[in-house]
Enquirer: 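Below is the structure I would like to discuss, written out as C-alpha coordinates.
Every chain is numbered from 1, with letters handed out A, B, ... down the list of sequences. What you see is a predicted model; the values in this text were computed from it and never measured. All values below were derived from every heavy atom in this structure, side-chain atoms included, with hydrogens, water molecules and symmetry-related copies excluded.
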Protein chains: 2
Amino acid sequence: MKKPEEQFLDYLARKRLKNTSQRMTILKAFLRQKSHLSTEDFYLQLRKKHPGIGYATVHRTLKLFSECGIASERNFGDGQMRFEVNLGNEHHDHLVCTDCGRIIEFEDQQIEKLQRDIAHKHNFFIKDHRLELYGLCSDCHATGQQSVS
Amino acid sequence: MKKPEEQFLDYLARKRLKNTSQRMTILKAFLRQKSHLSTEDFYLQLRKKHPGIGYATVHRTLKLFSECGIASERNFGDGQMRFEVNLGNEHHDHLVCTDCGRIIEFEDQQIEKLQRDIAHKHNFFIKDHRLELYGLCSDCHATGQQSVS
DNA sequence: CACGATATTGAAAACGGTTTTCAACCTATA
DNA sequence: TATAGGTTGAAAACCGTTTTCAATATCGTG
Ligand SMILES: [Mn+2]
Ligand SMILES: [Mn+2]
Ligand SMILES: [Zn+2]
Ligand SMILES: [Zn+2]
(Lines give C-alpha, C1' and ligand atoms only; values in the text may rest on other atoms or scores of the structure.)
(Ligands and ions follow the chains in the order given, each with its own letter.)
Protein backbone atom coordinates (compact mmCIF):
# COMPACT_ATOMS: atom_id res chain seq x y z
CA MET A 1 0.00 0.00 0.00
CA LYS A 2 1.37 3.35 -1.11
CA LYS A 3 1.52 6.18 1.38
CA PRO A 4 -1.37 8.64 1.05
CA GLU A 5 0.92 11.59 0.26
CA GLU A 6 2.56 9.63 -2.52
CA GLN A 7 -0.75 8.40 -3.85
CA PHE A 8 -2.08 11.92 -4.03
CA LEU A 9 1.03 13.33 -5.71
CA ASP A 10 0.98 10.51 -8.23
CA TYR A 11 -2.63 11.30 -9.01
CA LEU A 12 -1.85 14.97 -9.52
CA ALA A 13 0.99 14.09 -11.88
CA ARG A 14 -1.08 11.58 -13.79
CA LYS A 15 -3.87 14.11 -14.32
CA ARG A 16 -1.46 16.99 -15.01
CA LEU A 17 -2.76 18.82 -11.97
CA LYS A 18 -0.52 21.09 -9.98
CA ASN A 19 1.05 20.68 -6.60
CA THR A 20 0.03 23.79 -4.73
CA SER A 21 0.71 24.89 -1.20
CA GLN A 22 -3.01 24.86 -0.42
CA ARG A 23 -3.36 21.26 -1.52
CA MET A 24 -0.42 20.17 0.60
CA THR A 25 -1.70 22.08 3.61
CA ILE A 26 -5.12 20.52 3.26
CA LEU A 27 -3.63 17.06 2.78
CA LYS A 28 -1.55 17.27 5.95
CA ALA A 29 -4.48 18.57 7.96
CA PHE A 30 -6.79 15.91 6.56
CA LEU A 31 -4.47 13.06 7.46
CA ARG A 32 -4.23 14.40 11.00
CA GLN A 33 -7.96 14.98 11.56
CA LYS A 34 -10.29 12.44 13.05
CA SER A 35 -12.38 10.91 10.30
CA HIS A 36 -16.01 11.30 9.33
CA LEU A 37 -15.82 15.09 9.45
CA SER A 38 -18.14 17.10 7.27
CA THR A 39 -16.63 19.48 4.74
CA GLU A 40 -17.84 22.38 6.83
CA ASP A 41 -16.41 21.06 10.10
CA PHE A 42 -13.10 20.23 8.48
CA TYR A 43 -12.96 23.68 6.93
CA LEU A 44 -13.67 25.36 10.26
CA GLN A 45 -10.85 23.37 11.89
CA LEU A 46 -8.44 24.15 9.09
CA ARG A 47 -9.28 27.83 9.10
CA LYS A 48 -7.96 28.24 12.62
CA LYS A 49 -4.41 27.63 11.44
CA HIS A 50 -4.80 28.57 7.80
CA PRO A 51 -7.30 31.38 7.51
CA GLY A 52 -6.31 32.14 3.94
CA ILE A 53 -7.66 28.93 2.45
CA GLY A 54 -11.16 29.19 1.05
CA TYR A 55 -14.04 26.80 1.45
CA ALA A 56 -14.18 26.13 -2.28
CA THR A 57 -10.57 24.99 -2.31
CA VAL A 58 -11.15 22.72 0.66
CA HIS A 59 -14.18 21.24 -1.02
CA ARG A 60 -12.39 20.68 -4.32
CA THR A 61 -9.39 19.16 -2.62
CA LEU A 62 -11.44 16.73 -0.54
CA LYS A 63 -13.04 15.57 -3.79
CA LEU A 64 -9.57 15.02 -5.21
CA PHE A 65 -8.71 12.89 -2.18
CA SER A 66 -11.76 10.82 -2.89
CA GLU A 67 -10.91 10.49 -6.60
CA CYS A 68 -7.35 9.39 -5.94
CA GLY A 69 -8.48 6.84 -3.41
CA ILE A 70 -7.00 8.18 -0.18
CA ALA A 71 -10.39 9.22 1.14
CA SER A 72 -13.98 8.02 1.04
CA GLU A 73 -17.12 10.08 0.94
CA ARG A 74 -19.78 9.13 3.45
CA ASN A 75 -23.34 10.22 3.89
CA PHE A 76 -25.01 9.44 7.18
CA GLY A 77 -28.29 10.94 6.17
CA ASP A 78 -27.91 14.27 7.95
CA GLY A 79 -27.57 16.19 4.72
CA GLN A 80 -23.82 16.68 5.07
CA MET A 81 -21.16 14.95 3.08
CA ARG A 82 -18.44 13.48 5.24
CA PHE A 83 -14.94 12.33 4.39
CA GLU A 84 -12.74 9.75 5.98
CA VAL A 85 -9.16 8.72 5.42
CA ASN A 86 -8.77 5.29 3.86
CA LEU A 87 -6.36 3.47 6.14
CA GLY A 88 -5.26 0.45 4.19
CA ASN A 89 -8.05 -0.56 1.87
CA GLU A 90 -10.28 -2.59 4.11
CA HIS A 91 -13.98 -1.97 3.80
CA HIS A 92 -16.01 -1.23 6.88
CA ASP A 93 -19.48 -0.15 7.93
CA HIS A 94 -20.73 2.14 10.68
CA LEU A 95 -22.71 2.46 13.85
CA VAL A 96 -23.95 6.04 14.10
CA CYS A 97 -25.10 7.49 17.41
CA THR A 98 -28.04 9.75 16.72
CA ASP A 99 -27.58 11.47 20.05
CA CYS A 100 -23.90 12.45 20.30
CA GLY A 101 -22.85 11.84 16.71
CA ARG A 102 -20.23 9.24 17.65
CA ILE A 103 -19.25 6.90 14.83
CA ILE A 104 -18.14 3.35 15.48
CA GLU A 105 -16.65 1.32 12.66
CA PHE A 106 -17.12 -2.37 12.22
CA GLU A 107 -16.46 -5.12 9.76
CA ASP A 108 -18.31 -8.39 9.53
CA GLN A 109 -17.31 -10.97 6.98
CA GLN A 110 -20.46 -13.01 7.56
CA ILE A 111 -22.65 -10.07 6.62
CA GLU A 112 -20.51 -9.33 3.59
CA LYS A 113 -20.89 -12.95 2.54
CA LEU A 114 -24.66 -12.88 2.98
CA GLN A 115 -24.81 -9.71 0.90
CA ARG A 116 -23.00 -11.43 -1.92
CA ASP A 117 -25.41 -14.34 -1.63
CA ILE A 118 -28.38 -12.02 -1.95
CA ALA A 119 -26.91 -10.27 -4.95
CA HIS A 120 -26.20 -13.62 -6.57
CA LYS A 121 -29.74 -14.78 -5.93
CA HIS A 122 -31.04 -11.75 -7.84
CA ASN A 123 -28.38 -11.98 -10.50
CA PHE A 124 -27.23 -8.56 -9.37
CA PHE A 125 -23.68 -7.28 -9.79
CA ILE A 126 -22.64 -5.38 -6.64
CA LYS A 127 -20.42 -2.38 -7.13
CA ASP A 128 -20.79 -0.94 -3.68
CA HIS A 129 -22.88 -1.11 -0.58
CA ARG A 130 -23.68 0.75 2.57
CA LEU A 131 -24.74 -0.57 5.92
CA GLU A 132 -25.38 1.79 8.78
CA LEU A 133 -26.89 1.08 12.15
CA TYR A 134 -28.46 4.14 13.77
CA GLY A 135 -29.17 4.36 17.45
CA LEU A 136 -27.58 5.16 20.80
CA CYS A 137 -23.96 4.47 21.64
CA SER A 138 -22.98 3.00 25.00
CA ASP A 139 -22.47 6.44 26.56
CA CYS A 140 -25.79 7.83 25.42
CA HIS A 141 -27.64 4.63 26.17
CA ALA A 142 -26.09 4.20 29.62
CA THR A 143 -27.80 7.23 31.06
CA GLY A 144 -31.13 5.95 29.87
CA GLN A 145 -31.76 9.43 28.51
CA GLN A 146 -31.28 11.18 25.25
CA SER A 147 -29.87 14.68 25.62
CA VAL A 148 -32.43 17.32 26.33
CA SER A 149 -32.76 19.20 23.09
CA MET B 1 -53.09 -4.28 10.27
CA LYS B 2 -55.31 -1.29 9.68
CA LYS B 3 -55.94 -0.16 6.14
CA PRO B 4 -53.76 2.77 5.06
CA GLU B 5 -56.76 5.04 4.40
CA GLU B 6 -58.09 4.36 7.87
CA GLN B 7 -54.70 4.79 9.46
CA PHE B 8 -54.27 8.17 7.80
CA LEU B 9 -57.74 9.38 8.74
CA ASP B 10 -57.16 8.27 12.32
CA TYR B 11 -53.94 10.20 12.40
CA LEU B 12 -55.63 13.33 11.08
CA ALA B 13 -58.34 13.02 13.73
CA ARG B 14 -55.84 12.40 16.50
CA LYS B 15 -53.82 15.48 15.56
CA ARG B 16 -56.89 17.58 14.87
CA LEU B 17 -55.88 17.98 11.28
CA LYS B 18 -58.44 18.37 8.54
CA ASN B 19 -59.61 15.99 5.92
CA THR B 20 -59.21 17.92 2.70
CA SER B 21 -59.86 16.94 -0.89
CA GLN B 22 -56.20 17.46 -1.74
CA ARG B 23 -55.09 15.06 0.96
CA MET B 24 -57.52 12.40 -0.19
CA THR B 25 -56.50 12.83 -3.81
CA ILE B 26 -52.83 12.54 -2.92
CA LEU B 27 -53.49 9.52 -0.72
CA LYS B 28 -55.30 7.64 -3.47
CA ALA B 29 -52.64 8.46 -6.02
CA PHE B 30 -49.88 7.49 -3.62
CA LEU B 31 -51.36 4.09 -2.86
CA ARG B 32 -51.67 3.40 -6.58
CA GLN B 33 -48.14 4.52 -7.57
CA LYS B 34 -45.16 2.24 -7.74
CA SER B 35 -43.02 2.81 -4.70
CA HIS B 36 -39.65 4.52 -4.25
CA LEU B 37 -40.72 7.57 -6.22
CA SER B 38 -39.11 10.89 -5.45
CA THR B 39 -41.35 13.74 -4.34
CA GLU B 40 -40.71 15.46 -7.65
CA ASP B 41 -41.54 12.39 -9.75
CA PHE B 42 -44.66 11.70 -7.76
CA TYR B 43 -45.73 15.31 -8.10
CA LEU B 44 -45.20 15.26 -11.86
CA GLN B 45 -47.33 12.12 -12.15
CA LEU B 46 -50.06 13.54 -9.97
CA ARG B 47 -50.12 16.82 -11.84
CA LYS B 48 -51.24 15.12 -15.04
CA LYS B 49 -54.61 14.32 -13.49
CA HIS B 50 -54.72 16.97 -10.80
CA PRO B 51 -53.00 20.09 -12.08
CA GLY B 52 -54.43 22.22 -9.29
CA ILE B 53 -52.47 20.60 -6.49
CA GLY B 54 -49.24 22.35 -5.58
CA TYR B 55 -45.86 20.87 -4.93
CA ALA B 56 -45.84 22.17 -1.37
CA THR B 57 -49.05 20.33 -0.58
CA VAL B 58 -47.71 17.13 -2.08
CA HIS B 59 -44.56 17.45 -0.06
CA ARG B 60 -46.42 18.15 3.16
CA THR B 61 -48.83 15.32 2.60
CA LEU B 62 -46.10 12.78 1.89
CA LYS B 63 -44.51 13.80 5.19
CA LEU B 64 -47.85 13.18 6.89
CA PHE B 65 -47.94 9.70 5.35
CA SER B 66 -44.56 9.06 6.82
CA GLU B 67 -45.56 10.39 10.23
CA CYS B 68 -48.70 8.30 10.43
CA GLY B 69 -46.79 5.19 9.41
CA ILE B 70 -48.32 4.37 6.04
CA ALA B 71 -45.18 5.41 4.18
CA SER B 72 -41.43 5.33 4.67
CA GLU B 73 -38.88 7.87 3.56
CA ARG B 74 -35.89 6.48 1.70
CA ASN B 75 -32.68 8.07 0.59
CA PHE B 76 -30.64 6.19 -1.98
CA GLY B 77 -27.89 8.74 -2.06
CA ASP B 78 -28.93 10.55 -5.22
CA GLY B 79 -29.96 13.67 -3.35
CA GLN B 80 -33.68 13.02 -3.66
CA MET B 81 -35.99 11.90 -0.93
CA ARG B 82 -38.11 8.94 -1.92
CA PHE B 83 -41.29 7.54 -0.41
CA GLU B 84 -42.68 4.05 -0.39
CA VAL B 85 -45.93 2.59 0.81
CA ASN B 86 -45.62 0.41 3.87
CA LEU B 87 -47.33 -2.83 2.93
CA GLY B 88 -47.80 -4.66 6.18
CA ASN B 89 -45.05 -3.64 8.57
CA GLU B 90 -42.22 -5.90 7.52
CA HIS B 91 -38.82 -4.34 7.28
CA HIS B 92 -36.79 -4.73 4.12
CA ASP B 93 -33.63 -3.50 2.45
CA HIS B 94 -32.78 -2.67 -1.15
CA LEU B 95 -30.72 -3.52 -4.18
CA VAL B 96 -30.37 -0.34 -6.26
CA CYS B 97 -29.40 -0.51 -9.92
CA THR B 98 -27.12 2.43 -10.62
CA ASP B 99 -27.77 2.10 -14.35
CA CYS B 100 -31.56 1.91 -14.79
CA GLY B 101 -32.67 2.91 -11.30
CA ARG B 102 -34.51 -0.34 -10.67
CA ILE B 103 -35.09 -1.11 -7.00
CA ILE B 104 -35.27 -4.67 -5.74
CA GLU B 105 -36.39 -5.32 -2.20
CA PHE B 106 -35.08 -8.08 -0.01
CA GLU B 107 -35.23 -9.28 3.54
CA ASP B 108 -32.66 -11.45 5.26
CA GLN B 109 -33.17 -12.57 8.82
CA GLN B 110 -29.59 -13.79 9.12
CA ILE B 111 -28.24 -10.34 8.33
CA GLU B 112 -30.70 -8.75 10.72
CA LYS B 113 -29.54 -11.14 13.41
CA LEU B 114 -25.87 -10.37 12.75
CA GLN B 115 -26.61 -6.67 12.94
CA ARG B 116 -28.13 -7.14 16.36
CA ASP B 117 -25.07 -9.13 17.40
CA ILE B 118 -22.78 -6.31 16.32
CA ALA B 119 -24.83 -3.72 18.14
CA HIS B 120 -24.82 -5.87 21.25
CA LYS B 121 -21.05 -6.32 21.04
CA HIS B 122 -20.64 -2.52 21.09
CA ASN B 123 -23.34 -2.01 23.69
CA PHE B 124 -25.22 -0.01 21.10
CA PHE B 125 -28.97 0.39 21.05
CA ILE B 126 -30.25 0.16 17.45
CA LYS B 127 -33.16 2.37 16.55
CA ASP B 128 -32.93 1.96 12.80
CA HIS B 129 -30.65 0.76 10.07
CA ARG B 130 -30.10 0.94 6.36
CA LEU B 131 -28.56 -1.57 4.05
CA GLU B 132 -28.33 -0.89 0.36
CA LEU B 133 -26.47 -2.80 -2.29
CA TYR B 134 -25.58 -0.67 -5.31
CA GLY B 135 -24.70 -2.17 -8.65
CA LEU B 136 -26.20 -3.53 -11.85
CA CYS B 137 -29.48 -5.39 -12.01
CA SER B 138 -29.86 -8.52 -14.10
CA ASP B 139 -31.06 -6.56 -17.14
CA CYS B 140 -28.26 -4.03 -17.05
CA HIS B 141 -25.67 -6.62 -16.22
CA ALA B 142 -26.78 -9.09 -18.88
CA THR B 143 -25.76 -6.84 -21.76
CA GLY B 144 -22.31 -6.49 -20.26
CA GLN B 145 -22.68 -2.78 -20.90
CA GLN B 146 -23.84 0.21 -18.94
CA SER B 147 -26.05 2.55 -20.89
CA VAL B 148 -24.18 5.04 -23.04
CA SER B 149 -24.55 8.31 -21.19
C1' DC C 1 -77.54 26.70 7.89
C1' DA C 2 -74.40 30.33 9.29
C1' DC C 3 -70.66 31.63 12.16
C1' DG C 4 -66.06 31.81 13.60
C1' DA C 5 -61.89 29.63 15.07
C1' DT C 6 -58.46 27.23 13.11
C1' DA C 7 -56.19 24.50 9.62
C1' DT C 8 -54.86 24.26 4.68
C1' DT C 9 -53.59 25.74 0.29
C1' DG C 10 -50.52 27.24 -3.78
C1' DA C 11 -47.10 30.42 -5.23
C1' DA C 12 -43.22 32.31 -4.18
C1' DA C 13 -39.41 33.02 -1.36
C1' DA C 14 -36.10 31.26 1.86
C1' DC C 15 -33.02 27.84 3.24
C1' DG C 16 -28.65 25.08 3.40
C1' DG C 17 -25.29 22.28 1.56
C1' DT C 18 -22.88 21.76 -2.75
C1' DT C 19 -20.94 23.28 -6.97
C1' DT C 20 -19.63 26.64 -10.41
C1' DT C 21 -18.04 31.06 -12.14
C1' DC C 22 -14.52 34.33 -12.95
C1' DA C 23 -10.66 37.39 -12.81
C1' DA C 24 -6.35 37.46 -10.42
C1' DC C 25 -2.71 34.54 -9.47
C1' DC C 26 0.44 30.64 -9.36
C1' DT C 27 3.04 26.51 -11.25
C1' DA C 28 5.55 23.95 -14.38
C1' DT C 29 8.08 23.72 -18.40
C1' DA C 30 11.19 25.31 -21.73
C1' DT D 1 11.93 34.73 -17.92
C1' DA D 2 8.10 33.98 -20.75
C1' DT D 3 4.14 31.42 -21.63
C1' DA D 4 0.35 28.25 -21.32
C1' DG D 5 -2.71 26.50 -18.57
C1' DG D 6 -4.10 25.05 -13.92
C1' DT D 7 -5.62 27.10 -9.25
C1' DT D 8 -7.49 30.18 -6.02
C1' DG D 9 -11.04 32.68 -3.00
C1' DA D 10 -15.21 35.24 -3.05
C1' DA D 11 -19.35 35.41 -4.63
C1' DA D 12 -23.04 33.65 -7.08
C1' DA D 13 -25.59 29.81 -8.86
C1' DC D 14 -27.65 25.56 -8.11
C1' DC D 15 -31.13 22.35 -6.49
C1' DG D 16 -33.96 19.76 -3.52
C1' DT D 17 -36.38 20.87 0.65
C1' DT D 18 -38.91 23.73 3.73
C1' DT D 19 -41.23 27.91 5.15
C1' DT D 20 -43.96 32.07 4.57
C1' DC D 21 -48.21 34.33 3.81
C1' DA D 22 -52.62 35.88 2.30
C1' DA D 23 -56.58 33.68 0.48
C1' DT D 24 -59.56 29.80 1.19
C1' DA D 25 -61.59 25.62 3.16
C1' DT D 26 -62.99 22.75 7.07
C1' DC D 27 -65.69 21.63 10.94
C1' DG D 28 -67.66 22.07 15.64
C1' DT D 29 -71.14 24.92 17.54
C1' DG D 30 -75.35 27.93 17.94
MN1 LIG E 1 -15.44 4.91 8.64
MN1 LIG F 1 -38.73 -0.63 -0.47
ZN1 LIG G 1 -23.73 8.66 21.58
ZN1 LIG H 1 -30.75 -1.94 -14.06
Enquirer: Establish whether the base of D:dG6 is bridged to the side chain of A:R23 by a donor-acceptor pair shorter than 3.5 Å.
Expert: no
Enquirer: Counting only side-chain nitrogens and oxygens, does B:Y55 get under 4.0 Å of the OP1 or OP2 atom of D:dT17?
Expert: yes
Enquirer: Backbone N or O of B:Q33 within a donor-acceptor pair of the B:Q45 side chain at under 3.5 Å?
Expert: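 Answer holds: no.
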Enquirer: To the nearest 0.5 angstrom, please state how far the CG atom of A:L12 sits from the OG1 atom of A:T20.
Expert: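 The CG atom of A:L12 sits 8.0 Å away from the OG1 atom of A:T20.
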Enquirer: Out of C:dA11, C:dA28, D:dT8, which has the shortest distance to the side chain of B:A56?
Expert: C:dA11
Enquirer: For A:Y43 and B:E40, find the nucleotide of DNA chain D closest to each by heavy atoms; which residue's nucleotide sits nearer the 5' end?
Expert: A:Y43
Enquirer: Mind calculating the distance between CG (B:D41) and P (D:dT17) to the nearest angstrom?
Expert: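 Taking CG of B:D41 and P of D:dT17, I get 10 Å after rounding.
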Enquirer: What integer distance in Å separates A:K18:NZ from D:dA4:P?
Expert: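 Taking atom P of D:dA4 as the reference, NZ of A:K18 is at 12 Å.
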Enquirer: Heavy atoms from C-beta onward define the side chain here; which of C:dT9, D:dG6, C:dA7 lies closest to that of B:Q22?
Expert: C:dT9
Enquirer: Ignoring backbone atoms, establish whether B:K63 has a side-chain N or O less than 4.0 Å from OP1 or OP2 of D:dT18.
Expert: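 Affirmative; the distance criterion is met.
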Enquirer: Name the closest nucleotide to the B:Q80 side chain, picking from D:dG16, C:dG10, D:dG5.
Expert: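 Given the options D:dG16, C:dG10, D:dG5, the side chain of B:Q80 is closest to D:dG16.
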Enquirer: Without decimals, in angstroms, what is the distance between A:L12 CG and D:dT7 P?
Expert: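 The answer, rounded to whole Å, is 8 Å.
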Enquirer: Of the options D:dT18, C:dT9, C:dT21, whose atoms approach the side-chain atoms of B:R60 most closely?
Expert: C:dT9
Enquirer: When you check the phosphate oxygens OP1 and OP2 of C:dT9, does a side-chain N or O of B:T20 lie under 4.0 Å from one of them?
Expert: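 For C:dT9, OP1/OP2 do have a side-chain N/O of B:T20 under 4.0 Å.
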Enquirer: Counting just side-chain N and O atoms, does B:H59 come under 4.0 Å of either OP1 or OP2 of D:dT18?
Expert: yes
Enquirer: Do you see a donor-acceptor pair shorter than 3.5 Å between the side chains of B:H129 and B:Q115?
Expert: yes
Enquirer: Donor-acceptor check, side chain of A:D93 to backbone of A:R130, threshold 3.5 angstrom: yes or no?
Expert: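 No, because the side chain of A:D93 does not come within donor-acceptor range (under 3.5 Å) of the backbone of A:R130.
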Enquirer: I want to confirm an ordering. Mapping B:G54 and A:M81 to their closest nucleotides on DNA chain C, which one lands closer to the 5' end?
Expert: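 In this pair, the answer is B:G54.
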